[in-house]
Amino acid sequence: MAAKSIDHAFTARSLNTAATDPTYAGALSFMRRKYTKTLKGADAVVWGIPFDAAVSNRPGARFGPQAIRRASAIFDNDPQYPFDRDLFEQMAVIDYGDCLLDYGNHQKTPGTIEREAAKILKSGPFLMSMGGDHFVTWPLLKAHAAKYGPLALVQFDAHQDTWFDDGKRIDHGSFVGRAARDGVIDTTRSIQVGIRTHAPEDCGIRILYGHEIEDMKAAEIAASIVEHVGDAPCYITFDIDCLDPAFAPGTGTPVAGGPSSARMLSVLQKLGALDIKGADIVEVAPAYDHADITAIAGASVAMHYLGLLAERRARR
């Protein structure tokens, strides 16, 4: 037992040390990373945004960050598949905890998220956020665009989220249209993957519909994304309802006919050529989950983001 750790999220003495907590015990930070509000020395920050007041169907994504952290305990500190490396040996990652939001004043939510995200980004680390419903991506995009300029959006989703709004609505179905109109994203380089619904407009964004990717291999999907985005700085957002409900039942607006978690994780693993400036995983709603299927998928998406970042650092 001498080599074992417990509550590594609090007891870790280095941001690069491995955790050996029992899977079933210990403080549940994301992948047992140290809980801290100190950004100094961090290469990447994991941050939760527990907000779901913008949903148009079933609520519950405010519990998403908790569920994703809990599910991430299955990732021990052996080399992480499929990256075949200890992600943290040369990459310092912290769990920054959650964004504090006023549940009684939702109009303040976007500003709060944007300001806190900007503070994190100003110190230099990569920001990987866990929602929350998909509205949270709007202030995250604004914070990232303020630092990097207009971003190519790589969106894994069953929905386009391009519905029109007046710029004031708190709505998880309109943030892409708003980002396009406000110039926060570069629509000519943006792409949506897995779409299985229709919206009134596409905002000039390329769409790979659900039925199209059914006839494509993961390598072909990834190649289409990389070719379209090119060398533009990009932001990846993964709505868990991109996956078929068989693989992600725990979400607010499930849509049948989607891809498997295996295929989409394989696509993510092949996006290393992209200049990824930030990423999020959203719409995990554990109240509708079974056996943590959706939370495990969400945690795996988040781990893949960090895996891509670790590979990029190793290539320098």
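Keep in mind that this is a model prediction, so the values were computed, not measured.
Transitive grouping of hydrophobic side chains (ILVMFWY, heavy atoms separated by less than 4.5 Å) keeps V45 and F30 in distinct clusters. Cluster annotation: V55 is not connected to L101 through the hydrophobic network of ILVMFWY side chains, with a link wherever side-chain heavy atoms come within less than 4.5 Å. Cluster annotation: Y288 and I296 are assigned to distinct hydrophobic clusters (Ile/Leu/Val/Met/Phe/Trp/Tyr, side-chain heavy-atom contacts under 4.5 Å, transitive). Hydrophobic clustering, with ILVMFWY side chains joined whenever heavy atoms are under 4.5 angstrom apart, groups L274 together with I213. Under the 4.5 Å side-chain heavy-atom criterion for ILVMFWY residues, no single connected hydrophobic cluster contains both V282 and I68.
Closest heavy-atom contact between L141 and A179: CD1-CB, 4.2 Å. Residues P22 and S5 come closest through the heavy atom pair CD-O, 3.9 Å. Nearest approach of Y148 to P233, heavy atoms of both residues: O-CG, 4.3 Å. Of all heavy-atom pairs between M91 and L306, the closest is CE-O, 3.5 Å. Between K270 and A219, the shortest heavy-atom distance links the atoms CD-CA, 3.8 Å. Closest non-hydrogen pair, A152 versus V229, comes out as CB-CG1, 3.9 Å.
D95 pairs with exactly one of R32, R69, R33 by the salt bridge (charged side-chain N to carboxylate O under 4.0 Å, His left out) rule, that one being R69. None of D280, D52, D239, D171 except one satisfies the side chain to side chain donor-acceptor pair (under 3.5 Å) rule with H134; the exception is D239.
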Run the salt bridge (charged side-chain N to carboxylate O under 4.0 Å, His left out) check on D241 and R196 step by step: do they pass?
CA-CA 10 Å; D241 71 28; R196 302 189 298 284; 5.5 Å; no

Output, in order, the C-alpha distance, side-chain angles, deciding distance and verdict of side chain to side chain contact (heavy atoms under 4.5 Å, CB included) for F156 and V301.
CA-CA 11 Å; F156 293 85; V301 168; over 6 Å; no

Let me see the working for L243 and F238 under side chain to side chain contact (heavy atoms under 4.5 Å, CB included), right down to the final yes or no.
CA-CA 10 Å; L243 305 180; F238 198 113; 4.0 Å; yes

Audit row: K217, S266, side chain to side chain contact (heavy atoms under 4.5 Å, CB included) steps and yes/no
CA-CA 10 Å; K217 295 179 180 179; S266 183; over 6 Å; no

Test side chain to side chain contact (heavy atoms under 4.5 Å, CB included) on H8 and K34; report intermediate values, then the result.
CA-CA 7 Å; H8 186 268; K34 186 175 181 64; 6.0 Å; no

Apply salt bridge (charged side-chain N to carboxylate O under 4.0 Å, His left out) to R181 and D165, showing your working.
CA-CA 11 Å; R181 288 188 297 273; D165 69 25; 3.7 Å; yes

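Between T188 and I205, every side-chain heavy-atom pair lies at or beyond the 4.5 Å cut-off. Between F75 and S300 the shortest side-chain heavy-atom distance falls below 4.5 Å. The shortest side-chain heavy-atom distance between N16 and D86 does not fall under the 4.5 Å cut-off. Two residues are said to be in side-chain contact when any heavy atoms from C-beta on lie closer than 4.5 Å; L28 and Y35 fail this criterion. In this structure the side chain of L268 reaches within 4.5 angstrom of the side chain of Y305, judged on heavy atoms. Taking 4.5 Å as the limit, every side-chain heavy atom of V154 sits out of range of all side-chain heavy atoms of T237. Residues P254 and P249 are not in side-chain contact: their nearest non-hydrogen atoms beyond the backbone lie 4.5 Å or more apart. In this structure, E311 and L308 have side chains that are in contact, with non-hydrogen atoms separated by less than 4.5 Å.
Expressed to the nearest 0.5 Å, how far CG of L151 lies from CG of D186 amounts to 9.0 Å. Rounding to the nearest 0.5 Å gives a distance of 4.5 Å between CG of D21 and CD1 of I6. Here OH of Y235 is found 14.5 Å from CG of D275. Values are rounded to the nearest 0.5 Å. Summarising the geometry, atom CG belonging to L265 is positioned 9.5 Å from atom OH belonging to Y81; distances are rounded to the nearest 0.5 Å. In this structure, I120 CD1 and S129 OG are separated by 7.0 Å, a value rounded to the nearest 0.5 Å. Put simply, NE2 on H304 and CE on M128 are 12.5 Å apart, with the number rounded to the nearest 0.5 Å.
At least one donor-acceptor pair closer than 3.5 Å links the side chain of Q192 to the backbone N or O of Q160. Of the possible donor and acceptor atoms, one in the side chain of R312 sits under 3.5 Å from a partner among the backbone N and O of I276. Between the Q155 side chain and the H159 main chain, a donor and an acceptor come within less than 3.5 Å of each other. In this structure, the side chain of T162 does not engage the main chain of G177 through any donor-acceptor pair within 3.5 Å. Between the side chain of K147 and the backbone N or O of L121 there is at least one donor-acceptor pair closer than 3.5 Å. Judged by distance alone, with hydrogens and angles left aside, the side-chain atoms of N57 form a donor-acceptor pair with the main-chain N or O of G252 at under 3.5 Å. A donor-acceptor contact shorter than 3.5 Å links the side chain of H228 to the backbone of S190.
Remark: the S56 side chain and the H172 side chain contain an N/O donor-acceptor pair separated by less than 3.5 Å. Side-chain contact, K119 with S123: no donor N or O sits under 3.5 Å from an acceptor N or O.
With respect to the salt-bridge test (charged N to carboxylate O, under 4.0 angstrom), the residues R189 and D231 qualify.
Residues satisfying the salt bridge (Lys or Arg N to Asp or Glu O under 4.0 Å) test with D157, not counting sequence neighbours, are none.
Classification of the F51-F135 ring pair by plane angle, with boundaries at 30° and 60°, yields tilted.
More than 12 heavy atoms of other residues, nucleotides or ligands shown are found within 6.0 angstrom of CD on E220. By the 6.0 Å contact criterion, CG on D84 is open, its count of non-hydrogen atoms from other residues, nucleotides or ligands being 12 or less.
Geometrically, K37 engages Y96 in a cation-pi contact defined by less than 6.0 Å to the ring centre and at most 45° from the axis.
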